[in-house]
Amino acid sequence: MADYNFFDNVYDVARQIPVGRVTSYGAIANYLGTKRSSRVVGYAMQAAGSAYPPVPAHRVVNRQGLLTAKAHFGGNTMQQLLEAEGVKVINDQIQNFDKLFWDPNVELAL
DNA sequence: GCCGTGACGAAGC
DNA sequence: CGCTTCGCCACGG
């Protein structure tokens with residue numbers, strides 16, 4: 001069987017996030033069938049920086065639409081990237097998060 | 001090889 | 001209504 005690890009699976013889903021859209025760690029975990037492993041998804045994102053093709057980790061935020069990962073990007077890099085894609089971010093909070101929310105369980109389910 | 005920690009999330013108290 | 005605890009998995013010390 002394939003050597004697909006949780007990380008690889010996370011990367012695969014994250015790379016399918018359309019531009020201008022965002023998703024949550026829990027959503028990815030849920031899509032993988034391990035919604036309780038949302039922490040591992042975040043951990044995977046940490047390693048995503050060494051993954052190739054690069055993973056748009058800046059499009060992955062927490063359930064609140066809060067840029068919790070921006071601290072790991074360094075400064076406001078994450079917000080810059082999101083705004084460059086048309087995502088409004090105020091005070092580390094994504095605006096219209098529920099509209100921009102890209103749920104793999106829904107988008108990839110069909 | 002055990003313990004602590006982490007980009008989360010939901011449930012419990 | 002807000003803080004605490006548990007779950008999950010991987011990795012560093």
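Quick caveat: nothing in here was measured; it's all calculated off a predicted structure. So you know, we letter chains A, B, ... as the sequences are listed, proteins then strands, and number each from 1.
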*Asks:* Treat each ILVMFWY residue as a node, draw an edge where side-chain heavy atoms are under 4.5 Å apart, and state whether A:V106 and A:V61 are in one component.
*Replies:* no
*Asks:* Sequence neighbours left out, what pairs pass side chain to side chain donor-acceptor pair (under 3.5 Å) with at least one residue falling in residues 59-69 of chain A?
*Replies:* A:S24-A:R63, A:R59-A:E85
*Asks:* Contact list please: residues 71-84 of chain A against DNA chain B, heavy atoms, distance less than 4.0 Å, in numerical order.
*Replies:* A:H72, A:F73
*Asks:* Return the value, rounded to whole Å, for the distance between atom CZ of A:F7 and atom C1' of C:dC8.
*Replies:* 12 Å
*Asks:* Could you give the distance separating B:dC8 and C:dC1 at their P atoms, to the nearest angstrom?
*Replies:* 24 Å
*Asks:* Quick one: does A:I28's side chain get under 4.5 Å of A:Y31's, heavy atoms only?
*Replies:* no
*Asks:* Please list every donor-acceptor pair under 3.5 Å in which a side-chain atom of residues 32-50 of chain A meets a protein atom from a residue at least two apart or in another chain.
*Replies:*
none

*Asks:* Check A:M78 against A:V60 and note the closest heavy-atom contact, atom names and distance.
*Replies:* CE-O, 3.5 Å
*Asks:* Who are the ring pair (Phe, Tyr, Trp, His ring centres under 6.0 Å) partners of A:F97, not counting sequence neighbours?
*Replies:* A:F101
*Asks:* Heavy atoms only: give me the nearest A:H58-A:F73 pair and the separation to one decimal.
*Replies:* N-CZ, 3.4 Å
*Asks:* Enumerate the residues from residues 24-38 of chain A whose closest heavy atom to DNA chain B is under 4.0 Å, giving them by residue number; use none for an empty result.
*Replies:* A:S24, A:Y25, A:G26, A:S38
*Asks:* Sorted by first residue and then second, give each salt bridge (charged side-chain N to carboxylate O under 4.0 Å, His left out) pair with at least one member in residues 70-79 of chain A; sequence neighbours left out.
*Replies:* A:K70-A:D92
*Asks:* Within the 4.5 Å heavy-atom criterion, are A:V89 and A:Q80 side-chain neighbours or not?
*Replies:* no
*Asks:* Within residues 40-70 of chain A, find the residues that approach DNA chain C with a heavy atom at under 4.0 Å, and present them sorted by residue number.
*Replies:* A:V40, A:Y43
*Asks:* Tell me which donor-acceptor pairs under 3.5 Å the side chains of residues 14-23 of chain A have, and how far apart each pair is, sequence neighbours excluded?
*Replies:*
| unit_1 | atom_1 | unit_2 | atom_2 | d |
| --- | --- | --- | --- | --- |
| A:R15 | NH1 | A:P53 | O | 2.7 |
| A:Q16 | NE2 | A:D12 | O | 3.0 |
| A:T23 | OG1 | A:W102 | O | 2.8 |

*Asks:* Of the non-hydrogen atoms in A:D103 and A:A27, which two are nearest, and what is the gap between them?
*Replies:* OD1-CB, 4.2 Å
*Asks:* Taking only the P atom of each, what is the distance from C:dT5 to B:dG4 in whole angstrom?
*Replies:* 14 Å
*Asks:* With rounding to the nearest 0.5 Å, note down the distance linking CD in A:Q95 to CD1 in A:I90.
*Replies:* 4.0 Å
*Asks:* Quick one: which protein N/O atoms are closer than 3.5 Å to N/O atoms of nucleotides 3-6 of chain C? Pair and distance per line, please.
*Replies:*
none

*Asks:* By a strict heavy-atom criterion of less than 4.0 Å, which residues belonging to residues 87-104 of chain A are in contact with DNA chain C?
*Replies:* none
*Asks:* Go through the structure and list residues passing salt bridge (charged side-chain N to carboxylate O under 4.0 Å, His left out) with A:E83, not counting sequence neighbours.
*Replies:* none
*Asks:* Quick check: is A:L100 connected to A:L67 through a chain of hydrophobic side chains (ILVMFWY, heavy atoms under 4.5 Å apart)?
*Replies:* yes
